[in-house]
Protein chains: 2
Amino acid sequence: MRTSEVAAQARVNPQTLRYYERRGLLPDPARSSSGYRSYGSEAVRLVRFIKRAQDLGFALDEVKSLLELAEGGPDRCEATRRLATSKMADLQGRIADLEAIRAGLARLVETCDQPRERRDCPILADISDDSDKEVHR
Amino acid sequence: MRTSEVAAQARVNPQTLRYYERRGLLPDPARSSSGYRSYGSEAVRLVRFIKRAQDLGFALDEVKSLLELAEGGPDRCEATRRLATSKMADLQGRIADLEAIRAGLARLVETCDQPRERRDCPILADISDDSDKEVHR
DNA sequence: CTTGACCCCGTACCCGAGTACAGGGTTCAT
DNA sequence: ATGAACCCTGTACTCGGGTACGGGGTCAAG
């Protein structure tokens, strides 16, 4: 597959592929005799993964390390385990945070019908209540 | 409270307060006779909320609308409900995504002990499997 | 054998979210 | 009454993550 084909299937700009390549997120693809990049179909999945991970709040460098984890070279097992474990804790915290916000919104929607003045808008209170909660991520 | 006091308590740079003010996320504070900003303690909670929401992947404009929701003026109830509801769906999707990644990492960690070659590294497969899953957010 | 649609590379530009800097005013402890 | 430590405004810079542009090569259909 050529660049623009991969880009179209992964719904990104062709330039973005070159960019990810430079950043080391995408392996350097094979080249045709004339120098054109030639990708296999994994490339599409890879790019989609990157995009999804990004949308979940991972920076490109983090995505890179996530990919290196998935790769999991035979030797780097301990490092991998540690990184994966801490990433999981991180995710756990972020999930909890999102759920708290969701719950706040749910309460808001529920009470939205009630007499104008007796509404419950607990988002602020729930989420940033005085506790010095650590920010996750 | 003066600017730098609020900033310290919310653990942000004082400049950031001015920036949020410009962006309309923070209400314009009262001013002393000499023009110094003078904040109440809600300001700290507000800024912390903004920071947390941001860490959860909301852009400042989204945070702004979240805050407007929480505010919930008596008249804008229907709009509020719609926005809150769609934001909830969005959150639901993102939570699911995070959980999928978390599960992938868990499997990876579990199988990490096993014979080097029989490891399960399903992150890629799980997350960006061929389904054209919509990206959330 | 040319023309339009692609590809290459390098460099430059854009946007969001801050952060810093310059030039000046205030406050307060000594 | 002076210096450190704050505050003000406006403008400029940084950084991450792209996106566009210029100048040139390639390839297949007509």
Side-chain angles (χ1 to χ4, degrees), chain A residues 1-40 43-44 46-68 90 128 135-137, chain B residues 1-40 43-44 46-68 90 128 135-137:
Chain A
M1 273 194 278
R2 281 165 315 170
T3 301
S4 61
E5 221 172 326
V6 173
Q9 281 187 38
R11 299 196 197 72
V12 299
N13 187 308
Q15 307 266 41
T16 302
L17 295 184
R18 296 208 306 115
Y19 178 64
Y20 288 169
E21 191 180 318
R22 282 208 301 281
R23 296 278 306 237
L25 288 157
L26 246 42
D28 298 17
R31 300 288 188 132
S32 77
S33 52
S34 55
Y36 285 23
R37 286 169 181 80
S38 166
Y39 296 94
V44 175
L46 200 42
V47 174
R48 283 190 187 161
F49 172 76
I50 294 168
K51 278 285 151 199
R52 277 169 58 71
Q54 243 183 335
D55 283 327
L56 298 175
F58 294 92
L60 286 187
D61 284 351
E62 295 178 310
V63 177
K64 195 175 170 186
S65 74
L66 228 42
L67 289 173
E68 281 157 8
D90 176 57
S128 63
V135 161
H136 304 293
R137 183 190 181 189
Chain B
M1 275 196 277
R2 279 165 316 174
T3 301
S4 61
E5 219 173 326
V6 173
Q9 280 188 39
R11 299 196 199 70
V12 299
N13 186 308
Q15 308 265 39
T16 302
L17 295 183
R18 296 210 304 115
Y19 178 64
Y20 288 169
E21 190 180 320
R22 282 207 301 281
R23 295 278 306 240
L25 289 157
L26 245 43
D28 297 16
R31 298 289 186 133
S32 78
S33 51
S34 55
Y36 284 23
R37 285 170 182 79
S38 165
Y39 296 95
V44 175
L46 200 41
V47 174
R48 283 191 186 160
F49 173 76
I50 294 168
K51 278 286 150 198
R52 278 169 58 72
Q54 245 184 333
D55 283 328
L56 298 175
F58 294 93
L60 286 186
D61 283 352
E62 294 177 312
V63 177
K64 194 175 170 186
S65 74
L66 229 41
L67 289 173
E68 280 157 9
D90 176 57
S128 63
V135 162
H136 303 290
R137 185 191 181 191

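The shown structure was predicted, so the numbers you read here are calculated from the model rather than taken from an experiment.
Of all nucleotides listed (C/dG18, D/dC27, D/dT19), D/dT19 comes nearest to the side chain of A/Thr16. Set against C/dC8, C/dG18, D/dG17, the side chain of A/Arg31 has C/dC8 as its closest nucleotide. Taking every side-chain heavy atom of A/Tyr36 into account, C/dC8 is the closest of D/dG18, C/dA17, C/dC8. Residue B/Ser4 places its side chain closer to D/dC6 than to any other of D/dG18, D/dG17, D/dC6.
OP1 or OP2 of D/dA20 lies within a sub-4.0 Å distance of a side-chain N or O belonging to A/Asn13. Applying the 4.0 Å criterion to OP1 and OP2 of C/dC8, one finds that A/Thr3 has a side-chain N or O inside that range. Remark: B/Ser34 is not in phosphate contact with C/dG25, judged by side-chain N or O atoms under 4.0 Å from OP1 or OP2. Between D/dG17 and A/Lys64, no contact under 4.0 Å exists linking OP1 or OP2 to a side-chain N or O. Put simply, A/Arg18 has no side-chain N or O that comes within less than 4.0 Å of OP1 or OP2 on C/dC8. Distances shown here put every side-chain N or O of B/Arg37 at or beyond 4.0 Å from the OP1 or OP2 atom of D/dC7. Under 4.0 angstrom from either OP1 or OP2 of D/dG18 there lies at least one side-chain N or O belonging to A/Lys51. Contact annotation: B/Gln15 side-chain N/O to C/dC21 OP1/OP2 distance is not under 4.0 Å.
In this structure, the CG atom of B/Leu17 is 14 Å from the P atom of C/dA20, given to the nearest Å. Rounded to whole angstrom, the span from the CG atom of B/Leu25 across to the C1' atom of C/dA17 amounts to 11 Å. Rounded to a whole Å, the CZ atom of B/Arg2 is 14 Å from the C1' atom of D/dC8. B/Tyr39 has its OH atom 16 Å from the P atom of D/dC6, to the nearest Å. If you measure from atom CZ of B/Arg22 to atom P of D/dA12, you get 13 Å, rounded to the nearest angstrom. Atom OH in A/Tyr19 sits roughly 19 Å away from atom P in D/dC21 (whole-Å rounding). Counting to the nearest Å, the C1' atom of C/dG10 and the CD atom of A/Glu21 are 14 Å from each other. Rounded to an integer number of Å, the gap from CD1 of B/Ile50 to P of C/dA17 is 12 Å.
Two residues are said to be in side-chain contact when any heavy atoms from C-beta on lie closer than 4.5 Å; A/Val12 and A/Ile50 fail this criterion. Residues A/Thr3 and A/Ser38 have side chains not in contact (no heavy-atom distance under 4.5 Å, counting atoms from C-beta outward). Contact check for A/Arg23 versus A/Asp61: side-chain heavy atoms found under the 4.5 Å cut-off. When side chains are defined from C-beta on, B/Arg11 does not count as touching B/Lys51, because their heavy atoms never get closer than 4.5 Å.
The main-chain N or O of B/Ala59 is found under 3.5 Å from a side-chain atom of B/Glu62 such that the two form a donor-acceptor pair. With hydrogens and angles disregarded, no donor-acceptor distance shorter than 3.5 Å links the side chain of A/Arg37 to the backbone of A/Ser32.
Mapped onto DNA chain D by nearest heavy atom, A/Ser33 and A/Val12 fall at different nucleotides, with A/Val12 at the one closer to the 5' end.
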